Every structure is written in structure tokens, then in C-alpha cells.
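In this text, all values refer to a predicted model and were calculated from it rather than measured experimentally.
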Amino acid sequence: MVNTIYQKSFNALTKRPFRLWGISLLGALLGNLAGIGFAGILAIGFAVSWALDVSLSMIFLKAYQTGEEPHTAALFQTFTKGRFLRVVGGMAWMALWIFLWGLIPIVGPVFACIRTYEYRFVPYILATRDEVKPTDALRVSKEETHGYKGQMFWADVIPVLFILAVTLVFSLLGAIPYLGVLFRLILALFTICYLLFLNLFYGIQHAAFYVEIQGMKAASDGFTPPQDTPAAPAADQPQPTPQVLPLAPAESSAAHPQSDSPAPASRPKFCPICGAPIQLDEKFCTGCGHRL
């Protein structure tokens, strides 16, 4: 599934790469500025940062689903009345539980990492499913990510392993006399571009997992029996009365065969007693009086 997610994510990125990249950088910049500007009031800084994160998630989700060009105003779609408190409340509830799981001695970071992947769909649920309470979004996300956390983890780790491998190779090439300067310069440029585009790629990738898992879930919930093996009717459902068609004469005779009893013998032409000739309408022999 990871290969499919990567392929579809790159296809989505090729449609509007620069606009998406610019908006992702702007969202990250505004989030950092909010954290710095409200350093004295952590609650406000966290609230603004969470609202921007959910807005970015929705921008990436829409770009993956429709390929439409995003607009900068979409960064502030969660700052509307009624939406802001719902989004911030749900994100704060999620952050609180991840923090509490991380406090467990020794294994706390492991449990916090697991909960982070279980709650990966919380931003999408808060922004798209108004019927789900903010406190229930964690439970819904946990149910929907069940069985996919390992794939999402490796999808996040592979880009990190890639940059580590590239860094190692170019670092070794950088040790070459004279030409090493060129390789170190290439590595520096590659690292800068990689870091600038990493947030964009992760945003599209996370949206791809949400869309694909929702599609598979909907397909499994809406399963119908094949046409050639119809499902058995319910017991309380009235059965249709079969229509009886009139039989053709040939079919009628075949369906109602005549009795197997022997047909009556033909009337003799002569009396069996005296041998006198007999007429067809006579009941007694005119010669000997025998009853025919």
C-alpha cells in the first residue's frame, strides 16, 4: 500500500506543486510566528498553531482529492465562528492524551508514538464530520487507523532513510581532494530543498492515507452479493406467487395423459355362441338370444 500512496501523492503534487509548496511554507511560518508571538500566553499560541495545522490538512486533502488550485484564504478556514473552538478543543484533547502517554517511564515515548499514529485522522475528522464530537474524534481515528499504523510509520520513515543515505554518500564523496567541495555544495543544496519540500510531501501523503483508507472502509461496508448468487430472501418477506401459463393443446395432453386402463374391445360382428351375424345397435343375438 505504501507504493500506491507514494505514487498517488506524487501525482497530486505534479498538478499544483508551487502553489501548494508556497502555502505549506506560509502555514509553517505563521505557525512558528504564533508560537513566538504568544510565547507569554501558551494557550493562544497553541490554539493558533493547531487551527493552522487543521487548515493545512484540509488544503492537502482537497488538493489530493480534486487537484484544484488552493487559495491562501483557505489557511484561515478554521478561524470562523463555531469552527475554531471545535478544532482547537479536539486538537488540545489529542495533544493532552499523547503527552500523558509519553509520561510513562521508559516506554512512554513508544506509547506516545503509537498514539500519534492512532490519532493521525483527528484533524480531518474535526474539519469534515460535524456529527462526531471533538472528544470522540480520537476514538474514531483509532478505529479507522487500526491495521494501518505500521504502513503509515514506514511511509514516514522511508524519506528520512533516503536523506540519510544521500547524506552519507555525498559526505564520503566530499572527502575527495579538490572535487569534494563540489559534492559538499551539492549536498547542502539538496538538503535545503529536501527540508523545504518535506512538509508538503508529508501533508499530501497523510491526506492520501486518509482518503484511501476511507475508500476501502466504504467498499467493505457496502459489499453486496454477486449477481449470479442472489442472497436468500428474508423469512418474513412475502414470496411472489408463480404465474401459471395456460398449456398448449399438445402440452395439455402431455401434462394430463389418458388413463392406462385398456380401451373397451370393439363390438364383435358375429355372435360368439351361434355365429349369427349381429347388427351394431343390437343388444341380444337374434339367433340364440345371447346378451351381447
Kindly compute the distance separating CE (M1) from CD1 (I213), expressed to the nearest 0.5 Å. 4.5 Å

Gap separating the CD1 atom of I163 from the CG atom of L168, nearest 0.5 angstrom: 11.5 Å

Atom pair CZ (F60) and CE (M58), whose distance is rounded to the nearest 0.5 Å: 12.0 Å

Distance-only criterion, 3.5 Å: show the donor-acceptor pairs between side-chain atoms of residues 48-56 and protein atoms not counting sequence neighbours.
{"residue": "S55", "atom": "OG", "partner": "A51", "partner atom": "O", "Å": "3.1"}
{"residue": "S55", "atom": "OG", "partner": "L75", "partner atom": "O", "Å": "3.0"}
{"residue": "S55", "atom": "OG", "partner": "T78", "partner atom": "OG1", "Å": "2.8"}

Using atom types as modelled and distance alone, determine if a side-chain donor or acceptor of D136 lies under 3.5 Å from a backbone N or O of V132. no

Would you tabulate the side-chain donor-acceptor contacts of residues 182-198 under 3.5 Å, counting partners in other chains and residues two or more places apart, or write 'none'?
{"residue": "R184", "atom": "NH1", "partner": "G174", "partner atom": "O", "Å": "2.5"}
{"residue": "T191", "atom": "OG1", "partner": "L187", "partner atom": "O", "Å": "2.7"}
{"residue": "Y194", "atom": "OH", "partner": "P159", "partner atom": "O", "Å": "2.5"}

Are there more than 12 heavy atoms of other residues, nucleotides or ligands under 6.0 Å from atom NZ of K142? no

Please evaluate residues N3 and Q7 with respect to the criterion side chain to side chain contact (heavy atoms under 4.5 Å, CB included), reporting the C-alpha separation (whole Å), side-chain torsions for both, the decisive distance (0.1 Å), and the verdict. CA-CA 6 Å; N3 292 335; Q7 181 180 0; over 6 Å; no

Value rounded to 0.5 Å, distance of CD1 in I98 from OG1 in T116: 4.0 Å

Return yes if a side-chain donor-acceptor contact under 3.5 Å exists between Y64 and E212, otherwise no. yes

Would you say Y6 has more than 12 foreign heavy atoms packed within less than 6.0 Å of its OH? yes

Got a donor-acceptor contact below 3.5 angstrom from the S141 side chain to the L138 backbone? no

Does F79 have more than 12 heavy atoms from other residues, nucleotides or ligands lying within 6.0 Å of its CZ? yes

For residues 80-104, pull every pair meeting side-chain hydrogen bond (donor to acceptor under 3.5 Å, both in side chains), keeping only residues two or more places apart or in separate chains. R83-D130

Should F153 and L164 be regarded as members of a common hydrophobic cluster, given that ILVMFWY residues are connected when their side-chain heavy atoms come within less than 4.5 Å of each other, either directly or indirectly? yes

Answer yes if I176 and V181 sit in the same cluster of Ile, Leu, Val, Met, Phe, Trp and Tyr residues linked by side chain heavy atoms under 4.5 Å apart, and no otherwise. no

Output, in order, the C-alpha distance, side-chain angles, deciding distance and verdict of side chain to side chain contact (heavy atoms under 4.5 Å, CB included) for L20 and I59. CA-CA 8 Å; L20 281 174; I59 291 174; 4.1 Å; yes

If you round to the nearest 0.5 Å, how far is CD of E118 from NZ of K149? 4.5 Å

Kindly state each residue pair satisfying side-chain hydrogen bond (donor to acceptor under 3.5 Å, both in side chains) with at least one member in residues 157-183, sequence neighbours excluded. none

If Ile, Leu, Val, Met, Phe, Trp and Tyr residues are connected whenever their side-chain heavy atoms lie under 4.5 Å apart, and connections chain through other members, are F170 and L172 in the same group? no

Taking Y124's backbone N and O only, do any of them form a donor-acceptor pair with T128's side chain (distance below 3.5 Å, no angle check)? yes

CD/E143 to CZ/F121 distance, rounded to the nearest 0.5 angstrom? 12.5 Å

Cluster partners of V110, using ILVMFWY side-chain heavy atoms under 4.5 angstrom, listed by chain and number? I114

Closest approach of I125 to A137 (non-hydrogen atoms, all atoms of both residues): CD1-O, 3.8 Å

Tell me the side-chain hydrogen bond (donor to acceptor under 3.5 Å, both in side chains) pairs involving residues 151-161, sequence neighbours left out? Y117-D156, R120-D156, D156-Q205, D156-H206

E144 and F209: side chain to side chain contact (heavy atoms under 4.5 Å, CB included), yes or no, with the steps? CA-CA 11 Å; E144 295 182 353; F209 267 108; over 6 Å; no

Test of understanding: clusters of I, L, V, M, F, W, Y form through side-chain heavy atoms closer than 4.5 Å, transitively. Do V160 and I204 belong to the same one? yes

